[in-house]
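Per chain, numbering begins at 1; letters A, B, ... match sequence-line order.
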There are 2 protein chains.
Amino acid sequence: MLTDFNRLKVFYTIYRYKSAAAAARELYISQSAVSQSLGKLERELKTQLFVRMHKKLVPTSAAGRLYEIVEPFVRGLEGGLAWLEAEKSGPRGVLRIGAPVEFGSRNLVELVAAFRRRHPAVFFEVSLGHPDILLPRLAGGELDLLFADIFPGRRGRNLPPFSVSTVLTEKLVLACSAGYYSTRLRGAVEPSALAGCEFLDYSHGRSALDNWFRHHYGRSFPGLKVVLTVESVQAILNAIKGGLGLGIVPEYLVEKELKAGPVRAVRTGRPELVNRISLVRLKGKAASPAEKEFLENF
Amino acid sequence: MLTDFNRLKVFYTIYRYKSAAAAARELYISQSAVSQSLGKLERELKTQLFVRMHKKLVPTSAAGRLYEIVEPFVRGLEGGLAWLEAEKSGPRGVLRIGAPVEFGSRNLVELVAAFRRRHPAVFFEVSLGHPDILLPRLAGGELDLLFADIFPGRRGRNLPPFSVSTVLTEKLVLACSAGYYSTRLRGAVEPSALAGCEFLDYSHGRSALDNWFRHHYGRSFPGLKVVLTVESVQAILNAIKGGLGLGIVPEYLVEKELKAGPVRAVRTGRPELVNRISLVRLKGKAASPAEKEFLENF
DNA sequence: ATCAGCGCTTAAGTAGCACTTATGCTTACG
DNA sequence: CGTAAGCATAAGTGCTACTTAAGCGCTGAT
């Protein structure tokens, strides 16, 4: 690669003016410095870039070729710097956000819509997926913000580079259809009765079912009959309504059905298991105005 | 504009490796220098470019944007330098040549065809036109070579930045159709007889007719009846054959017609006026291998 | 739990090189 | 023919980018 990029800046200016003296004035350096810089560049490239004529430097074809490389760069650079400047002046630019599929599809798009109504100059790139996939992308700088359903300090202090704050909690209930509830459970919610039932679970990562049992009964129940695993709350919900078995869903999603009757939840008397949606950020990363504005609306 | 382009080179390397230490090894400087350079760039832009994490520098979105500007530049630069290198290794690249319309259409294309048969890697950009138009373009660096029908040293030593060498001479004759010759001239070639005739001349620049008269009779004949001016030898030739009057054409173009009879030339006994096609180059401009090769074939 | 290892930062000193000043040359212009 | 403007070169200097060195934080191995 070229040893000194600054010579290209001098070259660029000379080319624009076809004159070393004019370039010197533009760059606030002496004419001699410009001349020396050009000479060094030519020696370095072993290529003549300008023909010295009286009061004028006439570019060779090589200079023309080089200019066609440098020129768009300088223009792009100036545009980019102006953009950076603008981004600091107020909420604009792109916000790259990661979120779990369900949260992203339901809550996040509403937040985005509301936010964009107030700040139309802010654009969003939302990536939906499992935290196990999205967290490395946050760590790699591909995301600015990440919503994830990890407990704050879930794995102790093993994620010191991240700053985590809870933004939303939702109750998780073990639910089934009314028909399933009356024919298979008949009101019996002891572990022994539940253990014989059909279950629906999520495919990725730690089992939601397992969490539920350990929360309510203090221990795992291995060997449950999991008749369906699918990484979609909506799918689990439909399966529940279809009477396939028992599955974990956020309570607010089945509030109406619980009241009206078609869906029943298993109640143990203990407080419900809660899922915390946390907002994760790279610790040490300065927040842009757009980011700040977005964060303050929580 | 940015004060120091070299910092961008360092930034580029850091971004590629997501590491200052790796960049330092790549650039053959100390890791501390890399860190300082990055720090200065960030302070200069007043924008955080990397989040410092353990053994890793994680780029911010601003860094990503900057990289997208710098990366194509570096790639383009490397490609361009390789191209420059290749051009010096042998005949390849583009040759930008200017020529008068007639010479360019007839002789030059043949030369180009023959040359390209031996050096297919050489491309040509031929500009046809009057020297008054093409000479400034040569002086401005837009042309590498210029064929022009100026006499070497035509305006004294008033064009020192150009190197001129004659490559071709052609006799210019004052000709007309056989019919015109017999009815209007009847063999009388004294100036007085000629002065009453109809003439055809070229539109641009110095009159070819005037040159002819001054060459053969030592003085100008103002007030000639010029019934047609057109900047095309072919057009003048057709006008001559059509009996419109007397016009100047290169002798070799009408050789057959002169022998066979349909066209007659006015002979004064003096040697014919000659037109020199010269090859003009910018003095002080180094010739590329392609250019050298082209020039040596004369 | 402790320590060795690696990477980034900061501070201070140095050395290299880019820049300035000065001079001479060339050409255009009045 | 003299003046003015532009470029090249030489020599000296000052800036600054770089090196060296020390310190800190984090990780992974013992």
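Following rounding to the nearest Å, B/Ile29 (CD1) and D/dT16 (C1') show an atom-to-atom distance of 13 Å. In this entry the distance linking CD of A/Glu42 with C1' of D/dA8 reads 12 Å, nearest Å. When the P atom of C/dC29 is taken as reference, atom NZ of A/Lys56 falls 13 Å away, rounded to whole Å. In this structure, B/Leu38 atom CG and C/dC8 atom C1' are separated by 10 Å, rounded to whole Å. In this structure, B/Lys9 atom NZ and D/dC18 atom C1' are separated by 14 Å, rounded to whole Å. In this structure, A/Lys55 atom NZ and D/dT3 atom C1' are separated by 10 Å, rounded to whole Å. In this structure, B/Lys283 places its NZ atom 13 Å from C1' of C/dT27, rounding to the nearest Å. C/dA18 atom C1' lies 9 Å from atom CG of A/Asp4, rounded to whole Å.
Among the atoms of the strands shown, none is found under 4.0 Å from any heavy atom of A/Ser37. Across all strands shown, A/Asn6 has no heavy atoms under 4.0 Å from either base or sugar-phosphate atoms. B/Ala21 comes within contact range of the sugar-phosphate backbone alone, with a heavy-atom separation under 4.0 Å but no base atom that close. Using a 4.0 Å heavy-atom cutoff across all strands shown, B/Ala20 reaches sugar-phosphate atoms only and no base atom.
Two residues, A/Lys40 and B/His54, neighbour DNA chain C, and the one matched to the more 5' nucleotide by heavy-atom proximity is B/His54. Each of A/Val10 and B/Lys18 has a nearest nucleotide on DNA chain C; the 5'-most of these lies closest to B/Lys18.
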Enumerate donor-acceptor pairs with a distance under 3.5 Å from any side-chain N or O in residues 49-63 of chain B to protein atoms, sequence neighbours excluded.
| unit_1 | atom_1 | unit_2 | atom_2 | d |
| --- | --- | --- | --- | --- |
| B/Arg52 | NH1 | B/Glu42 | OE1 | 3.2 |
| B/Arg52 | NH1 | B/Glu42 | OE2 | 3.1 |
| B/Arg52 | NH1 | B/Phe50 | O | 2.8 |
| B/Arg52 | NH2 | B/Glu42 | OE1 | 3.1 |
| B/Thr60 | OG1 | B/Gln48 | O | 2.9 |
| B/Thr60 | OG1 | B/Leu49 | O | 3.2 |
| B/Thr60 | OG1 | B/Ala62 | N | 3.4 |
| B/Thr60 | OG1 | B/Ala63 | N | 3.3 |

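For an aromatic pair to be called close, the ring centres must be under 6.0 Å apart, and A/Phe73 with B/Phe73 satisfies this.
Judged by distance alone, the side chains of A/Asp210 and A/Ser220 do bring a donor and an acceptor atom under 3.5 Å apart. No hydrogens or angles considered: a donor-acceptor pair under 3.5 Å links the side chains of A/Glu26 and A/Tyr17.
Of the possible donor and acceptor atoms, one in the side chain of B/Ser19 sits under 3.5 Å from a partner among the backbone N and O of B/Ala21. Between the side chain of B/Asp144 and the backbone N or O of B/Arg96, at least one donor-acceptor pair lies under 3.5 Å.
The pair B/Arg16-B/Glu71 does not meet the salt-bridge criterion, since no charged nitrogen lies less than 4.0 angstrom from a carboxylate oxygen.
Using a 4.5 Å heavy-atom cutoff, the side chains of B/Val10 and B/Asn6 are not in contact.
Of all the residues in residues 46-53 of chain B, not one reaches under 4.0 Å from DNA chain D with any non-hydrogen atom.
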Under 3.5 Å between N/O atoms: give me all the protein pairs with nucleotides 9-11 of chain D, atom names plus distance.
| unit_1 | atom_1 | unit_2 | atom_2 | d |
| --- | --- | --- | --- | --- |
| D/dT9 | O4 | A/Ser32 | OG | 3.0 |
| D/dA10 | N6 | A/Ser32 | OG | 3.3 |

Set out, in order, the CA-CA distance, both residues' side-chain angles and the distance that settles salt bridge (Lys or Arg N to Asp or Glu O under 4.0 Å) for B/Glu293 and B/Arg92, then state yes or no.
CA-CA 10 Å; B/Glu293 190 69 21; B/Arg92 56 191 93 234; over 6 Å; no
